[in-house]
Amino acid sequence: MSRPDDHIDAPQRDAESPGDDASVTQPKLGLVGWLRFAWRQLTSMRTALLLLLLLAIAAVPGSLVPQRSSDPNGVTQYFADNPGLAPVLDRFQMFDVYTSAWFSAVYLLLFVSLIGCVIPRTKHHFDALRARPPRTPVRLSRLAGFTERPLPTGETPDAAIDRAAAELKRAGYRVERYDLRGEASVSAERGYLRETGNLVFHTALLGVLVAVGIGGGFGFSGQRVVVEGQSFVNTLAAYDSFNPGRFFDDGTLDPYKLSLEELDAVYETRNQEAIGQPIDFTAHVSVQAKGGESTPGVVKVNQPLRVHGTDVYLLGNGYAPTITVRDPQGEVVFTDAVPFLPQDANLTSIGVVKVPDGLEEQLGMVGFFYPTQETLASGAFTSNYPDLVYPVLTLNVYQGDLGIDGGEPTSVYTLDPSSMEQLTGGATGVESIELMPGETVELPNGLGSVTFENADPDAAEGDYSHSVSRFASFDIHDDPSQGWVLVFAVLIIAGLLVSLFVPRRRMWVKAVRRRDGAVVLEYAGLARGEDPGLEEAVASFANAHAGASTDAAAAAPAVETGPGAAPPGESADDRANPST
């Protein structure tokens, strides 16, 4: 015990001088302390939500610029259109967003955060499910929905509480009987399914991350351009571009054959403000397994075809004019349907023809195709409608080295004219070659001739609707985790709905003897979170349990509710000295 002198002689600290020598020194965390602090911050629910938001933001560039995994031709075209910007974006892995270092970092941090968040909460929830409902509070009047009802005539307090426990149990509550200070009561709680739904939501989200990672590792994505009437076989060498997962084995490919029978395109023709807008694209295909029969199928935009464990998506389409080149003796040295890449909504398209053999020198042609040709005021050609109404093909001819003999791979959609001589168009003074379906024109310098083949030679004169073959760009995608992703997605929605709409609440019923000897039943509830129906639920249960009608409830003495209110029969001294 201190003496009075101690208080006199003790040095006095000035509250306004926090920086003096007597200030408190905070202990240092040290390495272990900092690691624990970082782990707690990483595994908090706030951090998990922030990382989830960052993951969504990090995925945005993948929809703004073409990705090598799904549209390699688009990446090539982007480099050609943006020679200054494309290398900068490539340095930041913008064309490989979903495999980039920064996207993977957010992905892995979210994965770790969810694990560290879910496991402790699961243990805590499991312990809570096994624990007894909490003891009945001494003063129910301070809780939500507090109300009183008289003890039913002829029933003892213990019997009334036992009956309340039975009714609450039938209503889905976990109940526990308590007898405190001679007052019988029952404590009930329910709504743990809310936390279960919350845990299911986060666990399923974790499952989606795992499934997507596994699917990306063992699956593949490949692209192939197929012209009407042509086929391709599902083998590694047949793809125009192929992006396998880290653990993919090409021996797992099922060598089925996919043939494009016809590509139907429907355009708007009635609405004058939307003439030429695409309405529908439908690729009619046939699929034949090795040693099996051919079966028909349909591929539409956002409606893939499931064949032999893979999904076939329709990515794009365009025209593939059939071009034939003959030497001076009339021998065919080149003939093929060449896909032309669309440049605008009316399918003004550009393509490249390469003739490496059969002539004195290698020949290259850069062509422009106009489905419905129109001449602008400047004299340049354009297309004013995407369907075949008045198709025209123009070609600029180059002679020289195509750059393909050195063994280095080159794109079939580009031509490097740096080592070639231009023979038509540009500054040559010779007009570009202009062709319509079925027409043949002589090449300059007696090199031979070029023909724009008519794919429908038996059509009526002036009918060009089927004169040029179309091509479809297919994306063949294999993801072995699709089923699991669907299961986890359903669990995410179910868990979220349960966590949002199942109320977590507690309810108490207590038999209290007043000072005048009368026994009343007290009812009250407590919600964890928002529960607008709690007070109504307490009142409804009180009426049903006490057997009181609406008139009887209205005739009952008014009861003050809310914080600080005292039930009838309790004095101010009782409120000032609450029991714990």
Side-chain angles (χ1 to χ4, degrees), residues 132-192 502-580:
R132 300 169 60 191
R135 291 189 176 187
T136 306
V138 173
R139 296 181 180 177
L140 296 182
S141 60
R142 296 183 176 181
L143 301 178
F146 173 74
T147 186
E148 288 184 346
R149 295 293 184 270
L151 182 69
T153 305
E155 190 172 27
T156 64
D158 286 339
I161 296 301
D162 288 339
R163 185 164 53 84
E167 293 177 4
L168 287 169
K169 193 170 184 179
R170 283 195 298 270
Y173 286 85
R174 297 168 56 219
V175 299
E176 186 72 24
R177 273 288 310 267
Y178 291 102
D179 289 287
L180 303 175
R181 299 194 307 179
E183 295 177 340
S185 66
V186 60
S187 177
E189 62 180 352
R190 75 174 183 183
Y192 277 95
V502 173
R504 174 83 178 273
R505 62 174 58 150
R506 290 171 178 169
M507 192 177 295
W508 292 275
V509 181
K510 182 165 62 171
V512 178
R513 186 175 298 275
R514 295 180 178 175
R515 294 184 177 181
D516 58 3
V519 177
V520 295
L521 297 175
E522 294 183 347
Y523 305 84
L526 179 66
R528 184 172 181 177
E530 294 294 330
D531 188 358
L534 177 62
E535 294 189 5
E536 182 180 353
V538 173
S540 176
F541 179 79
N543 288 334
H545 174 252
S549 62
T550 305
D551 294 339
V559 178
E560 182 183 1
T561 63
E570 185 178 52
S571 66
D573 292 339
D574 292 332
R575 292 202 306 268
N577 299 283
S579 171
T580 54

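FYI, side chains are in, hydrogens and waters are out, and symmetry mates aren't considered; it's all heavy atoms of this structure.
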Evaluation steps, side-chain contact (heavy atoms from CB on, under 4.5 Å), between V186 and L168:
CA-CA 9 Å; V186 60; L168 287 169; 4.1 Å; yes
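V502 is not listed as a side-chain neighbour of Y192, based on a closest heavy-atom distance of 4.5 Å or more. Side-chain contact between L140 and R142: absent, with no pair of heavy atoms (C-beta onward) separated by less than 4.5 Å. No side-chain heavy atom of V512 sits less than 4.5 Å from a side-chain heavy atom of P157. P137 has its side chain within reach of L143: a pair of non-hydrogen atoms, C-beta onward, lies under 4.5 Å apart. Between L151 and V520, the closest side-chain pair of non-hydrogen atoms is not below 4.5 Å.
A pairwise comparison of heavy atoms in A165 and V175 identifies O-CG1, 3.8 Å as the closest pair.
Between the CD atom in E522 and the NZ atom in K510 there is a gap of 5.5 Å [rounded to 0.5 Å]. Here NE2 of H545 is found 13.0 Å from OG of S540. Values are rounded to the nearest 0.5 Å. With rounding to the nearest 0.5 Å, the separation of OG in S187 from CG in L526 is 10.0 Å. Taken from OH in Y178 to CH2 in W508, the straight-line distance is 10.5 Å, to the nearest 0.5 Å. Rounding to the nearest 0.5 Å places CG of N543 at 7.5 Å from OG1 of T147.
For the residue pair Y523 / R149, no side-chain donor-acceptor distance below 3.5 Å is found, with atom types taken as modelled.
Within the 3.5 Å criterion, the main-chain N or O of A518 finds no donor-acceptor partner in the side chain of R514.
The side chain to side chain donor-acceptor pair (under 3.5 Å) analysis of residues 164-174, with sequence neighbours excluded, yields the pairs R163-E167, R174-E189.
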Tabulate below the donor-acceptor pairs under 3.5 Å that side-chain atoms of residues 531-538 make, not counting sequence neighbours, or state none.
from, atom 1, to, atom 2, distance (Å)
D531, OD1, R505, NH2, 3.0
D531, OD1, G533, N, 3.4
D531, OD2, R505, NE, 3.0
D531, OD2, R505, NH2, 3.0

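Partners of D162 according to the side chain to side chain donor-acceptor pair (under 3.5 Å) rule, which considers only residues two or more places apart in sequence or in another chain, are R177.
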